[in-house]
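One structure is given here, and the rest of the page talks about it.
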Amino acid sequence: MTTTVLSPSDRPQVVDDWFLLPAPAPAARTRLFCLPHAGGDATAFAPLARELAPEIEVWGLRLPGRGARLREPLPTDFDELVRQVVAALLPHTHPGITFGLYGQSFGALLGYEVARALPPGHRPRFFVPASAHAPQRWAAELPEQVDAAALLSATDADRIIEQNAELKALTLAVTGADLALCRGYRHRPGQLPPEVRLHAVVGADDPLVAGPDLAAWGAVTERPVATTVVAGGHLLAVPTEPGPVELLRSVATPAEAAAPQPAAGRPERVPDLELDLTDTTFWAGPDVAARIDALRAAAPVRRMRVAGDGPVWSVLSYQHAAQVLGDAENFSSLGGSLLGTSPDGSVPAGSGRMMAFCDPPVHRTIRTPLTPFFNARNTAGYAPRLAEIAEQAVRAGLAQGEVNFVDTIAPVPLAVMCDLLDIPVADRDKVVELSDRAFLSATPQDRRSAHQELIRHLFMHTIAHRARPGDDLVSVLATHRTDGSLLPIEDVVLNLDNILVGGVQTVRHTAAMGMLALLRDPRQLQALWEGEIEPADAVDELLRWTSSGLHVLRTAARDVRLGKAEIKAGEKVVVWTWAANHDPAQFDRPEELLLDRASNRHLGLGWGPHFCLGAALARAELAAIFTALRDQVRSVELIGRPRHNKSIINFGLDELPVRLVGR
C-alpha cells in the first residue's frame, strides 16, 4: 500500500510504485529525480532530500527487487528497465515542470539512457552523473573481477552488512543482479538532447573512478561538459551523508530564479499562469494541490485560454465556485454545462431541453417528476437490491484475483441504471456493452458511434413506454406534460441519456479513484476495513477528494462581477470542482484524505439548482461498493501502475490493476 503526496511533511511519502519522496516539498520549483547505485534503493537519498528542501524536491527511484518492492523480480534487461523508468517518469514530467536527473554509478548509466529516451516536453534541464565512467567507456572500465562483494567493499558498505547475514545475502544478490545488467549494457552512439546540461561529479577518494575520467562524458553532449571533484568515496549520497548538496543546488537552480527581483511596488511573476487546465496530466500530477494553491492565491478567478473554447474565466476558489453554481440568473446553463459543448460559440444541441442545459423554471419542470425516484426514501427501499449487485461484483473480482478494479466495480452503476430505466433483462447485456463502448472506447469516433447507437436504443425504449406506460421512471418522463403537452420524444431520450451517463460515470470514477486514494493512505484504508469508519460515513470525503466531475461550465447571462473579475455577458465561466474542493479557505487540511471529516460541504455533486438529482443514490451505491469490499476482501494490493483517463468531464482511471484477496 502506498501514500500519495500533496503537502509538505517530515515523513517520507510514496508517490507510486516507482518514486519515493524522502522529504516532500511540493512548493519546490525544481524536482531532482535520483537514481541509486547498484544494489541501492531510494532511501539512500533521504539526507540529500532534507538538505535540498524546500527549494528542490528529491524523488528517489524505487527499483524492483529491493526495499518496498522486494517481492518483485529483479530487472534482467537493461533496455527494458530504461523503458519502464521512462514510462514511470512521464506522468511526473509534463511541460512546465523543471526537473533534472542525478544518478550514482549504475544510476548514472541508467539516467543517461533515460534522458536520451524521454520524449520532447518531458526532458530534464540537467543531468548529473556521479561516480561513473562515460557510457561509451562503460564496458571497458568494468573489470571482470569486480563482483558484488568487491563492489560493496569499495563502497564501505560491507562494514554494515557484515553485522547481519540475511542482509548481507540480500544485498549481494541485488548488487550482483545490477552488475549483470551493467555487463550486458552496450552503448549505442548518440548524444544527450541539446537542452540537457551535463555536469559530472566524482569523489576525491573514489577507488573506481578518477577525476580525469570525467572528461570522457564530453563525447555524449553537444554542450560543454562541466566536471567537479568533491570530498568522498565512490558513493556520495548515502543514508548517513547527503552528498554534493551545493553542487546540485547550483546546477538545479533555474536560471530565472537568479534573475533580479522585481522593483518595489511591482507584482512578482506568478508561475504557471498559462497552464492548460484541460490537460489531464496536470490533474494526475502529485503536485497538483500546490500548483492550484499558487494559482488560487494569485487570482481565484482568472482569465485563461482553453484549447477549443478560447478565453474562459476559470474559478478556483470554493467561495466563488459556490456563488457561480448557486446563481442561475447571472450564470446560465443554456450555453452548455461542459467545455467542448459548443466550441464555435453556437447554442449546443439540447439547450433548453435537457436538465443539464436548462435554467429555472424550465429546469424544474423536467426535474420535478423524476425527483421521487431518487429521494432518500426510495433509495433506502432499494438498499437490499443494491447490496446484492455490489456483492456480486466483488465476488466476481475475487474469483479472478488479479483485476482491473475499474472493470470490477463498473457493473454496479450500470446494473443500477438498468433497474432504474426499466431495461429488460434480455436487453441489458446490449445496453451494458454500448455503455462501455460509449464511455471507454479508445477513440472519440468509436465513443461517438456507440453513443449514437445507445441513443437509438433509448429512443425505441421510450416509444414503448409511452405506448404502454407503467410506474417506472421512463414511463413517468415519457408521459409527463408541460403546459398541457407531452415532452417531445427527443427531449425524453436526451434526458434519459443524461441520467444514464451521469449515474454510471460519477460512481465508477469516484469508486476507482477513491480506492487508489485509500491504497496510498494505508491508515485511512485500515480504519475503513476495521470498521472504525463506516463506508456510508466515508463517501462524502471520497467524493470531495476525487472530484471526478472535474469542471462545470456556465455562461454569464449579463455583465457581472465575481470577486475582482469583471465578467461580460456571454463570456464562459468554468468552475474547476477539484480546485474548489481542495480550497484551504473552506476545508481544514484539504490535501489530506480524512474519511471522518466533519462539515464536508463539498461541491462533488454540484450546488444550487443543478445539485445532482441522483445524489442520494450515488452515495448509496458508493457505500454499497465499499461495504461489499470490506466484508469480502481481506486485502487490496496494487500490482501495476494506475492509468488515468483523458477526460476532463469525468476524470478518473482507465486502469487500476490490483490483487483482491478474500477473507
Side-chain angles (χ1 to χ4, degrees), residues 2-5 12-25 28 30-50 52-53 56-93 97 99-118 122-132 135 171 174-175 177-179 181-182 185 196 201 235-239 242-244 248 252 285-287 638 640-641:
T2 55
T3 306
T4 194
V5 178
Q13 296 184 13
V14 172
V15 178
D16 54 29
D17 284 348
W18 286 93
F19 295 108
L20 168 76
L21 304 190
T30 303
R31 291 177 181 172
L32 182 66
F33 291 93
C34 294
L35 290 67
H37 57 279
D41 189 38
T43 53
F45 300 109
L48 177 63
R50 289 192 289 269
L52 291 177
I56 300 166
E57 185 174 58
V58 167
W59 290 51
L61 180 67
R62 307 167 75 220
L63 291 170
R66 70 211 72 196
R69 303 181 69 182
L70 182 61
R71 295 184 179 180
E72 300 179 35
L74 287 160
T76 57
D77 182 278
F78 192 92
D79 291 339
E80 176 58 26
L81 180 59
V82 170
R83 284 191 288 271
Q84 291 175 354
V85 174
V86 167
L89 275 168
L90 289 178
H92 309 304
T93 59
I97 290 180
F99 77 97
L101 304 178
Y102 170 68
Q104 296 197 139
S105 192
F106 162 69
L109 183 67
L110 180 60
Y112 164 72
E113 291 295 351
V114 166
R116 293 176 68 186
L118 284 166
H122 294 268
R123 289 172 177 164
R125 295 278 185 90
F126 60 90
F127 168 48
V128 180
S131 314
T171 306
V174 176
T175 305
D178 289 347
L179 274 174
L181 281 179
C182 294
Y185 172 76
V196 181
V201 62
L235 297 185
L236 301 178
V238 293
L248 288 168
D287 63 339
L638 194 61
R641 192 161 62 87

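By convention here, the first residue in the shown sequence is residue 1.
- Classified by interplanar angle (parallel below 30°, tilted 30° to 60°, perpendicular above 60°), the ring pair Phe33/Trp59 is tilted.
- To the nearest 0.5 angstrom, Arg66 atom CZ is 11.0 Å from Thr43 atom OG1.
- Across Tyr112 and Pro135, no two heavy atoms sit closer than the pair CE2-CG, 3.4 Å.
- The closest side-chain heavy-atom distance from Leu89 to Trp18 is not below 4.5 Å.
- We find the OH-CG distance between Tyr185 and Leu81 to be 12.5 Å, quoted to the nearest 0.5 Å.
- In plain terms, the two heavy atoms of Gly111 and Leu101 that are nearest each other are O-CD1, 3.5 Å.
- The CG atom of Leu52 lies 10.0 Å from the OH atom of Tyr102; values are rounded to the nearest 0.5 Å.
- Between Pro75 and Pro64, the closest side-chain pair of non-hydrogen atoms falls below 4.5 Å.
- Nearest heavy atom pair, residue Glu57 against residue Ala25, reads OE2-N, 2.6 Å.
- To the nearest 0.5 Å, atoms CZ (Phe78) and CZ (Arg83) are separated by 11.5 Å.
- With hydrogens and angles ignored, the 3.5 Å screen pairs no side-chain donor or acceptor of Asp178 with any backbone N or O of Leu181.
- The backbone N or O of His92 sits less than 3.5 Å from a side-chain atom of Arg31, completing a donor-acceptor pair.
- Residues Pro36 and Leu61 have side chains in contact (heavy-atom distance under 4.5 Å, counting atoms from C-beta outward).
- When atom types are taken as modelled, the side chain of Arg69 and the backbone of Leu63 share no donor-acceptor pair closer than 3.5 angstrom.
- Counting only distance, with no hydrogens or angles, the side chain of Gln104 and the backbone of His37 share no donor-acceptor pair below 3.5 Å.
- Judged by distance alone, with hydrogens and angles left aside, the side-chain atoms of Arg62 form no donor-acceptor pair with the main-chain N or O of Ala42 at under 3.5 Å.
- Here the closest non-hydrogen pair linking Leu118 and Pro124 is CD1-CD, 3.9 Å.
- Between Pro22 and Ala49 the shortest heavy-atom distance is CB-CB, 3.7 Å.
- Here CG of Leu236 is found 10.0 Å from OG of Ser105. Values are rounded to the nearest 0.5 Å.
- For the pair Val58 and Leu20, the minimum side-chain heavy-atom distance is 4.5 Å or more.
- Nearest heavy-atom pair across Pro239 and Pro47 is O-CG, 3.2 Å.
- Rounded to the nearest 0.5 Å, atoms SG (Cys34) and CZ (Phe19) are 10.5 Å apart.
- With a 4.5 Å cut-off on side-chain heavy atoms, Phe45 and Leu32 do not count as touching.
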